[in-house]
Amino acid sequence: MAENYTEKRIEQQISFLEALQKLNLEQQKAVNTIEGPVLAIAGPGTGKTHILTARIGQILVETDAQAHNILCLTFTDAGVHAMRERLLSFIGPEAHRVHIYTFHSFCNKIIQEHLEVFGRHDLEPLSDLERLEIIRELLDNQDVEHPLKVHRRDPHYYEAHLQDLFRRMKSEGWTAEHVDSCIDAYIGDLPNQKEFIYQRNSGKFKKGDPKIARIAEVKKRMDRLRAAAFLFEEYAFVMQQRRRYDYEDMMLWVLKAFEEEEYLLRNYQEQYLYILVDEFQDTNGAQSQIVQHLIAYWEHRPNIFIVGDDDQSIYEFQGARVKNMLDFYQNYEEYMQVVLLQSNYRSTQKILDAAQVLIQENSLRITNYLDHLEIEKNLIAANEERLAKSLEIRFLAYRNRVQEEIGLVETIEHLNKEQGVPLNEIAIIYARHKQAQQIIRIFEKKDIPYRSKRRINILELPLIQNFLQVLTYISQEYEKPYSGEPLFFELLYSNFLGISVQDINCLSAFMALDAQQKYSNHAYQDLTKWKDLIQDNTKLEELNLKNLSAIQRLHQFLEDSIAAYRNRTLPELLELIINRSGLLYYAAKHERKDWYIQVINTLFEFAKRESLKNPILNLKGFLDVLQRMEDNRIGLGVYKTLYTTEGVNLITAHSSKGLEFRYVFIINCLKDFWEPSNENRGRRFAFPPTLTHSEDGDALEASRRLFYVAMTRAKEYLQFSYYEFNEAHKMQQRACFVDEILARTKLKIERKLVDNSILVDYQFLSFSSVGQKQNLPLLDRAIMTHLLDRFKLSVSSMNTYLNCPLSFYYEYVLRLPSLPSQEASYGTAVHNSLDRLFDTIKKYETKQLPHISELLLFFQQEMEKQRVYFNKVSYQDNLNLGMRHLPLYYEQRKQDWNQQLQEADILTEKQLRNIEVDGVPITGTIDKIIFYSNQQAKRVHLVDYKTGKLKERRLRPPTPANPEGGNYWRQLVFYKILLENSRITPYTAQTAAIDYLTPDEQGSFPLKQIRITPRDTSIVRKLIQDTYQNIKNFEFEIGCGRPSCKWCNFVDRNEMPDSFNNTEAEDMDD
DNA sequence: CGGGCCACGGTTTTT
DNA sequence: CCGTGGCCCG
């Protein structure tokens, strides 16, 4: 046997033997018990990977088995990787021949090896968007009486629930019938449950009576789940029809093949003489069935080694997981060897004791089910280096959240600077990512390196958003020249194009002045187009740009891309654009180039995948897919490791599993973060306990395990902290786990106060971005003065300014072209048709209301005029909407209208120009003015049409909380002021109304009338003056900061300092 | 303890 | 928009 071994192998052999000798007794048992079933319960830090690999080595040494006769299954890629590395160091290249897989890669291998059975050739993985769309269609096809739809305003509300349910059903191997019977069992038992029985007499209820209403409520929820589960089969069928599959399917296919194709299973059963399963506490139902199939061949004595720690099971359904372990034990009890690994090589005894005390509060532990073995899980510190150190565990209570965060950062800085602890030996562990946001900001501002790994949606990144703007422009210009004009200005700001902000200002000033001039000459058709400007070298040279060549490059790049559109596949075109736009160059030169390149690749790979599914997909289609993803809040995820340099680790307790750090800080140890809020959280169905094998209190145990995992990451020092009062000064409740540990140890809570001087030091780190000044410089004041020369305040410009001065700057000063939204276009069409209706009356002086058909005809004509602003589908939708709403509206209003026609004069679409109030030029158009000429008091009534849902807030007069009043209220008062200062009439307007053109839920069209008081008028007059003054003072820099605000987002997206631009600028200065 | 009303938030993670 | 949990009252 030995003669073929090279010297190197012999060396490895020796190091392997040495490693074997160093094993403690428990470990030796786990490694040496090669034959028969073994269950190893391995607590944290007990050398799990070490044992698994040593055992593999041992099998190879002790038996005739070849490397390929050994199968080692684990949960994650990282697990596979770690195992392979360790094995390589033990046994050398032979390690590559051992079959180490994740469950998924193992199934994939089986499928690839038996394509004839699986017929997977033409199948493609299902994207998140496709999943959603399949489910949406499924829901749409259901009757309105379906439990998931009935009484539901949003027919798609349960989409997310269904996604989660179907995924669960697949991964746990549940059928609809199984779910159904579990629900029946649960409901049947409800009257026996304490919470569903009155505990004492109260009112008409007697002690011992079942709570009928509560039971009915649960039943209703369960019926929804039941109905949802029965949609599963159809979902699976549609997937198959569309030739799509997802991750969970791979496992199910293999399971099915194992059951139906005996030879296939037998094949693998005979090959794998030794099977090892890692992290058994995390295997789901389907995974555990795969293992069971593989070992079934060996009846009572399979050579299987299962290692796991039930106390570290932090994914759901602990009941089912413990059941898996127990089933495994009971099935092979006769020959089963149980090994309990207790020597911990990671932590100090103090840390282990505290962790121990905590986890003993749990009852759902495997040791409690294996009573007869009389085993007790205890962790004993066995690392000699660690034994020497014995830092105290600390519990710190801070006054508030800010203090906790500052205290933490201070402590870490001290550790690093004064004690020389490397930052990557320090971890901050929390329950949810959002808890780390503020700390990340502090680290950023203080320039302390940190690492944080989390899933990021690349579609939200400024770089990608800018790039998508460029793609959209190219796509639109290809479809129809000049249709991309409204995008051009924003596109210019894309960092990777290398255009300086000064030059953009120069170009925008030219465009704005040009527009101003042409508007005043009514030469709307002659407006200069961006596209023409950047290819007009003469004009460009007149502008004295800092970097003319960047603009010329941009022009060339856009032209080339549009030209390349037709003859290239989507990936080819994208590749060209990524290269020629400068995106790739920009990313490659960036400080965080690894990350940027990864982001670009993710987008590119996604485009390739989509093209594979749909070979004729073009750029427009691709952008449409991305748009639909955005609409449905589906991201394109990528794991981001922020700052790959060594730094403080910021991680969730979940992702801390398997890691270890010298210093661990568990933060925000509060009930709200660490204890389960509810069994049914988020957009998910609640499952009956009969299905998940979980019971009341199980969720708390799951959280306790998570906390335990976090604690056992610490090697030397463990610190818990929390804050006593939240932002609203409400007292916080600390997590019960803290108290559980305190109760059974001598540890005490220390109240910490952060020194005032330190607090002051942190003041400068601004904690809020709302209301921040924008970073993009405004145009030159002289140019702005010129542009606002003849500016007149209208309702919409005033409202825009009041809502967001930044938006005002872009929309009214720079006059950037924008496409009207589809809603706005529909509104215009309805408006215009109503105007024409009343015009007709006037024209023929009949005082008779024309027939409804007249109105509908106008509407159709007006929609035709707006057609360009709709896509094909939404045009039809909006047309149908109007054709349905207008007759109902007409019917509801006609009586009022007829009466008005008799009593009053009606003026529609009255333009009021050249009006001045308190020195401010104002302007506007009033939808409808009704003159009550025959009344003594000469008065008019104003009406404004609105399409859109009634929102009372918009109509509210000013309150102390909202001193400017609702938008619509302000608008009506503005109109009154406009009319009364117009001198077209001596009449006063005391009443005004918003006339809603969209019905409410009861099908009636609201007509909201307001009475305008002199106080109202003076408030709005003051607003008019102030707003005008602010505009004249160029106070545009502060945006509203609302997440939905186009221009705030634009500025936000482009505020990042960009090294590329700077180097470009330097190059030019030479 | 039980019910009604109102304000508020809306995980974690792997393949 | 839905469900939950705090809060108040009976």
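A/Ser171 pairs by the side-chain contact (heavy atoms from CB on, under 4.5 Å) definition with A/Glu248, A/Asn284, not counting sequence neighbours. Annotation: ring pair (Phe, Tyr, Trp, His ring centres under 6.0 Å) contacts of A/Phe328 (sequence neighbours excluded): A/Tyr332. A/Glu610 meets the salt bridge (charged side-chain N to carboxylate O under 4.0 Å, His left out) test with A/Lys613; sequence neighbours excluded. Remark: A/Lys671 pairs with A/Glu675 by the salt bridge (charged side-chain N to carboxylate O under 4.0 Å, His left out) rule, at least two apart or across chains. In this view, A/Lys109 and A/His99, A/Tyr101, A/Phe106, A/Glu113, A/Tyr268, A/Tyr272 satisfy the side-chain contact (heavy atoms from CB on, under 4.5 Å) rule, not counting sequence neighbours.
Here A/Thr652 reaches the OP1 or OP2 of B/dT13: one of its side-chain N or O atoms lies under 4.0 Å away. For A/Tyr157, no side-chain nitrogen or oxygen approaches OP1 or OP2 of B/dG10 to under 4.0 Å. Considering only side-chain N and O atoms, A/Lys434 lies nowhere under 4.0 angstrom from the phosphate OP1 or OP2 of B/dT12. Contact annotation: A/Arg224 reaches the phosphate of C/dG3 (side-chain N/O to OP1 or OP2, under 4.0 Å).
Donor-acceptor pairing under 3.5 Å is recorded for the side chains of A/Ser721 and A/Glu404.
Rounding to whole angstrom units, CG of residue A/Asn284 and C1' of B/dT13 are separated by 13 Å. One atom, CE of A/Met250, and another, P of B/dT15, lie 12 Å apart when rounded to the nearest Å. Separating the CZ atom of A/Phe673 from the P atom of B/dG9 is a distance of 11 Å, rounded to the nearest angstrom. Rounding to whole angstrom units, CZ of residue A/Arg705 and P of B/dT12 are separated by 19 Å. Spacing between atom CD of A/Glu248 and atom C1' of B/dT13 amounts to 13 Å, rounded to whole angstrom units. Atom pair A/Lys170:NZ and B/dT15:C1' shows a separation of 13 Å (rounding to whole Å applied). Distance CZ (A/Arg167) to C1' (B/dT14): 9 Å, rounded to an integer number of Å. With rounding to whole Å, A/Leu73 atom CG is found 15 Å from B/dT14 atom C1'.
Residue contacts for A/Asp77: at a heavy-atom cut-off of 4.0 Å it reaches the sugar-phosphate backbone alone, with no base atom in range.
Of the candidate nucleotides B/dT15, B/dT12, C/dG3, C/dG3 has the atom nearest to the side chain of A/Tyr158. Side-chain atoms of A/Arg432 lie closest to B/dT11 of the nucleotides B/dT13, C/dT4, B/dT11.
Residue A/Gln240 places its CD atom among 12 or fewer non-hydrogen atoms of other residues, nucleotides or ligands, all under 6.0 Å distant.
Between the side chain of A/His654 and the base of B/dT13 there is no donor-acceptor pair of N/O atoms closer than 3.5 Å.
Comparing B/dT13 with C/dC2, their C1' atoms are spaced 25 Å from each other, to the whole Å.
Of the residues in residues 286-294 of chain A, not one places a heavy atom less than 4.0 Å from an atom of DNA chain B.
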